[in-house]
2 protein chains.
Amino acid sequence: MADEGFSDKNLTEGLVDPGQQARWFNRVREAHQAETAEDYVELIADLIEAQGEARVVDLANRFGVSHATVNKVIVRLNREGLVSNQPYRSLFLTETGKDLARRCKERHRVVLDFLLALGISPATAEADAEGVEHHVSEETLTAFRNFIARNR
Amino acid sequence: MADEGFSDKNLTEGLVDPGQQARWFNRVREAHQAETAEDYVELIADLIEAQGEARVVDLANRFGVSHATVNKVIVRLNREGLVSNQPYRSLFLTETGKDLARRCKERHRVVLDFLLALGISPATAEADAEGVEHHVSEETLTAFRNFIARNR
DNA sequence: AACAAAGTTTAGCCTTGGCAACAATTTGAA
DNA sequence: TTCAAATTGTTGCCAAGGCTAAACTTTGTT
Ligand SMILES: [Mn+2]
Ligand SMILES: [Mn+2]
Ligand SMILES: [Mn+2]
Ligand SMILES: [Mn+2]
């Protein structure tokens with residue numbers, strides 16, 4: 001694979017290398033696949049911390065979807081080793097799930113604080129952060145952290 | 001062991017209002033539904049501008065998916081009035097499609113330039129922008145534009 | 001003109017995450 | 001204890017976007 005990125009041909013045509021572009025879109029698709037799991041473990045962790053337990057009905061309310069949808073996702077997360085639960089009982093995170101939740105909450109906080117530091121209103125910052133969080137690289141998160149520190 | 005308290009605020013301390021949170025997640029879901037259409041019209045416009053035409057095989061290469069997948073999406077975008085095409089011929093945008101493409105390209109450019117102005121490396125900025133662009137509000141875009149202007 | 005290559009479309013199949021409707025279990029109040 | 005309400009689980013449906021394989025059309029070369 002030679003010289004991915006910016007060949008003469010691509011520059012004259014004003015288009016980036018197709019393989020490079022494909023990798024970018026691939027990364028977005030991977031982020032979307034991880035997104036549901038990330039939001040679920042994050043919210044489950046928040047509910048357990050704030051209320052002592054996370055129930056299906058709470059998740060349904062806070063995600064704005066039906067309890068059937070929540071149940072189906074929980075089955076998948078259980079299968080993937082992020083959630084552990086018994087029938088008709090409240091939800092728990094596995095160690096893997098707790099670890100993912102911790103990292104997601106930290107990332108969420110950085111994105112939110114960055115938008116706030118930029119001067120975005122709290123309501124908009126919270127809304128934007130919920131989507132943006134899944135698409136920021138470590139390099140960008142570091143730049144966000146530096147910006148927050150500089151504007152503290 | 002559910003809510004045994006009298007005040008509804010006591011036990012939900014540290015958590016945002018459920019209806020508000022549901023609206024945030026709903027907005028993210030709406031963005032995801034619009035995302036494919038946005039990326040397709042943007043890339044179709046780019047290809048037409050750079051190469052004179054947009055073909056299924058080009059889109060497949062640049063998105064990194066099979067040509068069958070592209071075809072199925074094109075059928076949908078045609079049905080929704082964004083793309084106009086004849087069988088076995090190259091793809092065109094309707095006026096609605098061109099308009100959406102123009103707005104998406106502008107938004108993409110703002111997000112990319114903002115990340116670059118923040119000091120993110122070009123490769124990372126391009127990759128992150130492809131996902132982030134679909135989740136930034138007008139308010140945040142305005143703040144991005146201001147930041148770009150201040151750091152020019 | 002004939003034929004091979006390239007490009008497009010169609011047909012099945014899959015997974016995710018939506019929904020409503022109904023079934024089963026747990027919980028709380030009589 | 002009993003029973004209704006709340007909660008959880010199951011079933012069947014749907015659309016979006018992935019895929020492979022096969023059929024079809026256009027294009028280019030001989
Ligand atoms: Mn999120
Ligand atoms: Mn989040
Ligand atoms: Mn994009
Ligand atoms: Mn884009």
Side-chain angles (χ1 to χ4, degrees), chain A residues 18 22-23 25-41 43-44 47 51-80 82-92 130-131 134, chain B residues 1-6 8 18 22-23 25-41 43-44 47 51-80 82-92 131 134:
Chain A
R23 274 189 293 279
F25 283 113
N26 230 304
R27 184 164 163 276
V28 177
R29 283 192 294 271
E30 281 166 13
H32 283 157
Q33 253 195 322
E35 182 160 347
T36 301
E38 292 171 354
D39 286 335
Y40 269 69
V41 298
L43 184 47
I44 290 172
L47 285 168
Q51 303 186 334
E53 66 177 359
R55 296 171 306 162
V56 169
V57 70
D58 295 325
L59 292 174
N61 272 334
R62 302 191 100 92
F63 282 127
V65 299
S66 73
H67 72 276
T69 295
V70 170
N71 215 271
K72 195 174 286 189
V73 172
I74 292 298
V75 166
R76 195 201 102 198
L77 299 184
N78 190 304
R79 188 178 70 223
E80 291 173 358
L82 295 171
V83 166
S84 91
N85 62 318
Q86 263 81 46
Y88 294 99
R89 304 256 81 113
S90 75
L91 310 170
F92 296 90
E130 197 56 72
H134 309 281
Chain B
M1 58 145 150
D3 206 75
E4 64 235 8
F6 355 85
D8 47 4
R23 274 189 296 277
F25 283 113
N26 231 305
R27 184 164 162 274
V28 177
R29 283 193 294 271
E30 281 166 15
H32 283 157
Q33 253 194 320
E35 182 159 347
T36 301
E38 291 171 353
D39 287 334
Y40 269 69
V41 296
L43 184 47
I44 290 171
L47 286 168
Q51 303 187 337
E53 65 177 359
R55 295 172 309 162
V56 169
V57 71
D58 295 325
L59 293 174
N61 271 334
R62 302 191 100 92
F63 281 128
V65 300
S66 74
H67 60 278
T69 296
V70 169
N71 213 269
K72 194 174 286 190
V73 172
I74 293 297
V75 167
R76 195 201 103 196
L77 299 184
N78 188 305
R79 188 178 68 223
E80 292 174 357
L82 294 170
V83 167
S84 90
N85 61 319
Q86 264 82 46
Y88 295 100
R89 305 256 84 115
S90 75
L91 309 170
F92 296 90
H134 309 280

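Within every chain, numbering begins at 1; the chains are lettered A, B, ... in the order of the sequence lines, protein sequences first and strands thereafter. Worth saying up front: this structure is predicted, and the values here are computed from it rather than measured.
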Using the salt bridge (Lys or Arg N to Asp or Glu O under 4.0 Å) criterion, which residues pair with B/D58? Sequence neighbours excluded.
B/R55

Compare the minimum distances between each of D/dT8, C/dT26, C/dT8 and the side chain of A/V56, then state the nucleotide with the smallest one.
D/dT8

Atom NE2 of A/H32 to atom P of D/dG18: distance rounded to whole Å?
10 Å

Which residues in residues 67-79 of chain A have a heavy atom closer than 4.0 Å to any atom of DNA chain C?
A/A68, A/T69, A/K72, A/R76, A/R79

Residues in side chain to side chain donor-acceptor pair (under 3.5 Å) contact with A/S66, at least two apart in sequence or another chain
A/T69

Check side chain to side chain donor-acceptor pair (under 3.5 Å) between B/N61 and all other residues, then give those that pass, not counting sequence neighbours.
none

Applying salt bridge (charged side-chain N to carboxylate O under 4.0 Å, His left out) as the test, list every pair that has at least one member in residues 64-77 of chain A; sequence neighbours left out.
A/R76-A/E80

Which residues pass the salt bridge (Lys or Arg N to Asp or Glu O under 4.0 Å) test with A/E30, sequence neighbours left out?
none

With each end axis built from five pairs of C1' atoms, what bend angle do you get for the helix from C/dA1-D/dT30 to C/dA30-D/dT1? Round to 10°.
0°

Mind checking side chain to side chain contact (heavy atoms under 4.5 Å, CB included) for B/A31 and listing every partner two or more places apart, or none if nothing turns up?
B/H135

Restricting both atoms to N or O, compile the protein contacts to nucleotides 1-5 of chain D shorter than 3.5 Å, with distance only.
none

Rounded to the nearest Å, what distance is computed from the CG atom of residue A/N85 to the P atom of nucleotide D/dT7?
17 Å

Please confirm whether the shortest side-chain N or O distance from B/S66 to OP1 or OP2 of D/dC19 is below 4.0 Å.
yes

What residues form a side chain to side chain donor-acceptor pair (under 3.5 Å) with A/N78, not counting sequence neighbours?
A/N85

Tell me: OH of A/Y40 to C1' of C/dG18, nearest whole Å?
10 Å

If only side-chain N and O atoms of B/T36 are considered, is one of them under 4.0 Å from the OP1 or OP2 phosphate oxygen of D/dA16?
no

Does B/H67 reach the side chain of B/V56, with side-chain heavy atoms less than 4.5 Å apart?
yes

Starting at CD of B/Q33 and ending at P of C/dT16, how long is that distance when rounded to a whole Å?
19 Å

Name the closest nucleotide to the A/V65 side chain, picking from D/dG18, D/dT8, C/dG18.
C/dG18

Send over the distance from B/Y88 OH to C/dT9 C1', rounded to a whole Å.
5 Å

What is the distance, to the nearest angstrom, from the CZ atom on A/R89 to the C1' atom on C/dT26?
7 Å

Using the ring-ring contact (aromatic ring centres under 6.0 Å, His included) criterion, which residues pair with A/F63? Sequence neighbours excluded.
A/Y40, B/F25

To the nearest angstrom, the CD-P distance between B/E38 and D/dA16 comes to 15 Å

Please enumerate all residues that pass side chain to side chain donor-acceptor pair (under 3.5 Å) together with A/E35, with sequence neighbours excluded.
B/H32

